[in-house]
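The structure under discussion appears below in the form of structure tokens.
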Amino acid sequence: MEKVVLDVPLLWADHHVLKVRQALTQLDGVEDVYASSAWKQVLVKYDPAKVDRARIEQVLAQAGYPVGQGQTPILVEPTEKRRDPRWGAMDFRMSQTYRADIEMSGDFRKW
Amino acid sequence: MSRYIATRAIRGANAIVAEAEALLQKALAEKGPDAPVAFTNTAYYLPVIYGLLGHPVSKIGDLVPVIEHAKSLLHPPPDEKWWVPYLGETLDCGMATLLACEAIEGIRFAYGEQPERYPGFRMTGGAAFTSPEFEKEEGGGGYLNGPIDDIQLRSWGIQLVDGRMPGFAAIVGAAHSNAAAVAIVRELQRRNILVFLCGNVNGRSIIDQLHEEGVEMGYDTYIVPFGRDTIAAIYALGVANRAALAFGGLKPGQAREILLYNKYRVFAFVLALGEVDDLKYAAAAGAISYGFPVIADTVIPQILPTGVTRYEHVVSMPWNEIEGATEEEKAARLVQKCIEVRGVKVKITEVPIPVPYGSAFEGEVVRKADMRVEFGGRHSRAFEYLRMVPMEEVEDGKIEVIGPGFEDVPVGGAMDLGIVVEVAGRKMQEDFEPVLERQIHYFINGASGVQHIGQRDIAWIRISKAAAEKGFNLRHFGDILYARFHADFGAIVDKVQVKIITDPALHAEWLQKAREAYDRRNRRLADLTDEAVDTFYSCILCQSFAPTHCCVISPQRLGLCGAYNWLDCKASYEINPTGPNQPIQKGQCLDPVKGYFTGVNEYVRVASQGKVDQVAVYSIMENPMTACGCFECIVMVIPEANGVMVVSREDPSMTPAGMTFSTLAGMAGGGLQTPGVMGVGKYYLTSPKFISADGGFKRVVWMSSFLKQTMAEELKKVCEREGDPDLLDKIADETICTDVEGLLAYLTEKEHPALTMPPIF
Amino acid sequence: MAKKKVRTPQEASRDPAAVALLERALEIGAETCFYRADEITPCPIGAEGLCCRFCAMGPCRLVGDVDMGVCGATIDTVVARNFARAVAAGSASHSDHARDLAYTLLAAAEGHAPDYKIRDPYKLFEVARYLGVKVGDRPINEIARDVALAALGEFGRVQGELLYLKRAPAKRQKIWRDLGIAPRAIDREVVDLLHRTHAGNDQDAEHLLDQAMRCALADGWGGSMLATDITDILFGTPAPVRSEANLGVLREDMVNVIIHGHEPTLSEIIVAAAQDPEIIAYAQSKGAKGVNLAGICCTANEVLMREGIPLAGNFLQQELAILTGAVDAMVVDVQCIMEGLVPLAQRFHTALITTSPKVRVSGAVHIEFDEHRALEIAKQILRTAIDRFPQRSEVFIPDIRAQLVPGFSHEYINYALGGTYRGSFRPLNDAIIAGRIRGVVADIGCNNARLCHDENHYYVVAEFLKNDVLVVQTGCGAIASAKKGYMTPEAALEYAGPGLREVCEAVGMPPVLHLGACVDNSRILTVLSQMVSETGLGDDISDIPAVGMASEWMSEKALAIATYCVASGAYVIMGGVRNPVAGSPYVNQLITEGWEKKVGGRLEFLEDPEEIVRRSLAHIDRKRAALGLEEYNPAKWGKSGDWRIREVLELPLEERLQAVYGRR
């Protein structure tokens, strides 16, 4: 039995884990899979007689999770000076305490 | 935020919004913009989106501006060095994540992918009983719950406000082991905290873990499985948003108020079990905006300064580092920490019995096949009787089992049982006997593996095999009652002793005594009219949720939640003189027909913070009583029929008013006076004072069949009292018609008296 | 006259870039303010406020046996009068600055100044609300015009009191009204104070000082606050940007234009013009890669906060910048411009360009600014600078600069602490209540050539950070911290105490917040008012555990700021040089105990920086105790942060999967 740790940048949430596992566990010769969305890595233990790393990578790519490729999209592009260009466009200009903040605070669970 | 968390949360938010957008494009292409999008049984559309943006989503095309808004909340992740601030940005990304997640679930609903399929799974008490469309397979099984429906939410309302249910825990991921999963959930149940389940770690969800361990999941056990990915966590926030809208009287679009409402009034937290990925961080950032802290059982960066949440924002308690020899001890410490971080005050009464105890177990069902023994029901007779006796006749803490135990009864058999509770106390009154006696049902039901139904001499108790194996025996009924009466009613009860009677001769003797007492009480209740007392009681328990609502409870009009009648309030006032139930001196009666009293008006004016000026206690048409959100029924005028309809909370169908209960509830709740609409407790229907100013029960032209069936006996008596024994048949229900035309036809055919009564307006 | 002891460069400044250039000055024999400060002894009579030159019967020096002027004015009266005059001048400066901005807004709204537009409509709506201008569906320019007119109305308000006073806590407003020091109109209070201090007028020290407070309040809650608000409307409300500070930002290969002074009106347009392809092409035609802008003093802070334009240095570095030989033009507007620049500029190739109709300096080039033709003039200025580029001779730019993240408007701080949906000051108040943040210090104001440049700023800020005190800064004090590297987010990890560090890590902010120019001290008033209304820290500004200070003050504006802060309830310490009311123990007592009794704040002049820190912390702890807050205990904090997960990240996957559950 061999094991391999693969970087899968698109494995960023647990609904993707379900898909990755589904793809890999169906593969003959794959004995154990640990798909980690936290670390965006997949640990595969497999029988080299039945399957090889290239095939595993191929199956992952077919499932939409190519090894070592792609990254999650960032929809807002920063500029060099203004790393966060958004704020100016948002209509948040508070200069007073919001009334409800005070009205709603306090001890409510009296009973 | 810590920069580590901010980086991941912001990345996760960008990714999920992009994913939602792609999914939306696909759905627009495949299903078209007009394809319907709806969650199960809710009047709040997609509740997070509806609450925060005030934007009702009912078809796929409606999601386009939602995704646009989500995109406008996104920010780039912070740099490794020389970064700019990220806390506000991360919280915004969290909100974007929530909008995207709910949009995704909405689209999944449109594709029939939600609630999630889960072969072999069965919800306790069936899937959402109000969702018959999901019961087609395997007798109600095969699916996880998905979102909570409005009906269930409202029925939890009173428990949330009176503290029986301190809050909810959204568990995301999977526990360190199956044993840990069970232990954590049991700890939460023990504290009556509602548990929502979602997410997975390496494909395993806590739902799988509990399922494997045979833990019952469903509304009745306070454990609700949402789905096996983190996206399903959005349903927990749907509950949060609807709590603010249904009980808090907030309007859709009041985003900040809704979030604050949750921060201060809904005691919820997120428990992240197992490794935490970008989306989990992003969703957690969303939860933090609601004031819900995050506790993880793994190493993650802690965010301890307070402010957005009430106490710490993110706390890490790596499972292996929690002190404790067993998984149970670790789970207890973890849950204790969660509660500290959220600032929930949970009172647990330690009940010395060999099975877990808590009101989360109240709804547990013991099936015939799992039953060790039963008392009452078809094959035996059980009763319970509580009486006050002089001080010197009670030996506090004395528990007697008189007669044989159930050891010799064959498995699955039945035996007779009598539970006699004798209490003494300086502030005890005979009037409180039924109030306390009714508690026996709740107290006994709290034991895991014990089921209690009914009351008085129609009580029916089952003990499961599992409970019996753990050593649960008859004496433990006494232990439970002794502990709980002292804990909950210590202010009026000084001494408690319990007799558990199985001895046949004694059983018969006590049953006779009990029946005499029931009879005496019935007569007393019949004498207890509004005119016979000087004092009504208020109930402002719900003001923690609906700040301007105030119930006025009179002997002939119980609280709209059905949980508090006049005697309950009287006892409650004795127990806690500064509590939510205060006496209201009726004062001068200004109008005996409509029910105007100077004392009531004065009280309500103050208690509603000036929002309500006067209340007509017996009228729906003029200054009707307000409602919080936890009413059992809604009464609403149908002008065309010159009468009213009564819709029960359990009834999901359309009504002749053209609205379902959920939609109607939006009009009736929130502490507003709306003439023609009123939320009531269902037993108010049987009162002679039921909208007596407007003609009384004869005005009822339509009523949910649920009420007709479950209250058949009581309603029959009402019809007789009203002098029209066949009246119940003349009242239509949803099986007969759900529109005004059908209703009028039916009423005319049956010659319903409302048609000939004076105009209701 | 005997030669005075002249400080070595190391004694004169703590800033290595400044030291390098002071050495350069010695080398080439150039004279700077540092040298002149050593040369000139401050007049000991004037320094204590004892010189009365309000009429031609004098000047009367009230020293020795003289305890009365010719007219009979007592020491107390004279000292109070001198102080009050300074406050009037300071208030006038800020407020007149605001007036010009209001006129620019008016011109922009009416379409007469096409190069300006309303860049922040949201802020406009917010300000409109305070000024009672209807928003509705009206066109932006109409609202802007009415806001401008309402703002201008505040200067000569006929009746009532300033509209912005209602932004203060209710209790504070009542104190002002009860004492009769609620300002009525901005100009009126200045004129009133000038009138009173004329010979033979108000001759009661306490009464004079009351009007000084009223005049200063008209600055803080009037002129300065309007200046801040209108600048935000015209040029955008600041949000964090990245930038750099110190003379190392000058470029050898580009045309360096230093913008210096206090007004953003022209410099904002220069920023735009510098990016104009036509100007870049012109610079290239002269052999430069383009135009590099850098700022000094508060003009610098204004364009730094909004555009991220780097800081060349603070007040005492204006001459040093020219000594680099790399400054092709220094464009100045108003306030804090040293006349000593002229001979220096003449020694080099630098064009010193005055632009304000109010400010001309003999020997400088004058290109008068007119907002109606703003871009055209900005380009003309830049061309003048570019034309000088080929005349550069030897260039000496010390390679010293520090990164910073400025841009903390009070609106952004609100946002930073909760985002669009939950932004508030709750997290800040919570942190103070819990004791993670012990208190807040505003270290603002000038440099003073009589002190070792930046020494006090560096020292007090470092001490406060160590003690978990959040520091907010404006003006030249802010520039000092920027140069020292206190304004990077990483500084929180390096310099802050454990509690402050936790808060900074949670928000991602530097431990020292740059709030803007010296008119933006009004932001501090807004922040303090909101901290009060957020609840938990008392019901007035004077209850908050906060201290204001100008640890190297020199200008009359600084005295005006100090006075309005005290009148708003703050404890204010003026650091470094001698107490200007030292001549009258009675007046000194009035501004300390007397004012504390009246308005809850007190004004102290302390020369020793260690004493400043000691008294500040004592004051903060006293206020904490009065609020019933927990005693400051740094041992409780510091447990959050990213360090532990970073250890986990080092491990290979299989070990990591175990390690996340912690050590057994």
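Throughout, a chain's letter reflects where its sequence line sits, starting with A, and its residues are numbered from 1. What you are looking at is a predicted structure, and each value in this text was computed from that prediction instead of being measured.
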Can you say whether [X] sits under 4.5 Å from chain A via the side chain, the backbone, both, or neither, judging by heavy atoms?
X        : value
C:Tyr415 : both
C:Arg119 : neither
C:Val660 : side chain
C:Arg656 : side chain
C:Pro238 : backbone

Nearest-0.5 Å distance, [atom1] of residue [X] to [atom2] of residue [Y]:
X        : Y       : atom1 : atom2 : value
C:Lys123 : A:Asp91 : NZ    : CG    : 14.5 Å
C:Asp232 : A:Ser95 : CG    : OG    : 10.5 Å
C:Asn414 : A:Thr97 : CG    : OG1   : 7.5 Å

Counting heavy atoms not belonging to [X], are there more than 12 under 6.0 Å from its [atom1]?
X        : atom1 : value
A:Gln71  : CD    : no
C:Arg251 : CZ    : no
C:Lys166 : NZ    : yes

Measure across [X] and [Y] and return the closest heavy-atom pair with its distance rounded to 0.1 Å.
X        : Y        : value
C:Leu653 : A:Leu43  : CD2-CB, 3.9 Å
C:Thr237 : A:Arg93  : OG1-NE, 3.6 Å
A:Trp39  : C:Leu649 : CZ3-CD2, 3.5 Å
C:Glu307 : A:Lys81  : O-CD, 3.5 Å

query = Would C:Glu654 and A:Lys3 pass as an ion pair if we require N to O under 4.0 Å?
reply = yes
ask   = Checking side-chain contact (heavy atoms from CB on, under 4.5 Å) for the pair C:Arg242/A:Arg82: CA distance, chi angles, key distance, verdict?
value = CA-CA 6 Å; C:Arg242 299 210 296 203; A:Arg82 207 170 282 283; over 6 Å; no
query = For A:Asp101, is it the side chain, the backbone, both, or neither that has a heavy atom closer than 4.5 Å to a heavy atom of chain C?
reply = side chain
note = Between A:Met94 and the options C:Glu411, C:His410, C:Gln530, C:Glu126, the side chain to side chain contact (heavy atoms under 4.5 Å, CB included) test singles out C:Gln530
request  = State which residue, out of C:Tyr122, C:Tyr412, C:Phe408, fulfils the ring pair (Phe, Tyr, Trp, His ring centres under 6.0 Å) condition with A:Trp87.
outcome  = C:Tyr412
ask   = Under 4.5 Å between any side-chain heavy atoms of A:Gln96 and C:Arg129, yes or no?
value = yes
ask   = With respect to chain A, which residue among C:Ser243, C:Pro121, C:Ser533, C:Ser529 yields the maximal number of heavy-atom pairs within a distance under 4.5 Å?
value = C:Ser533
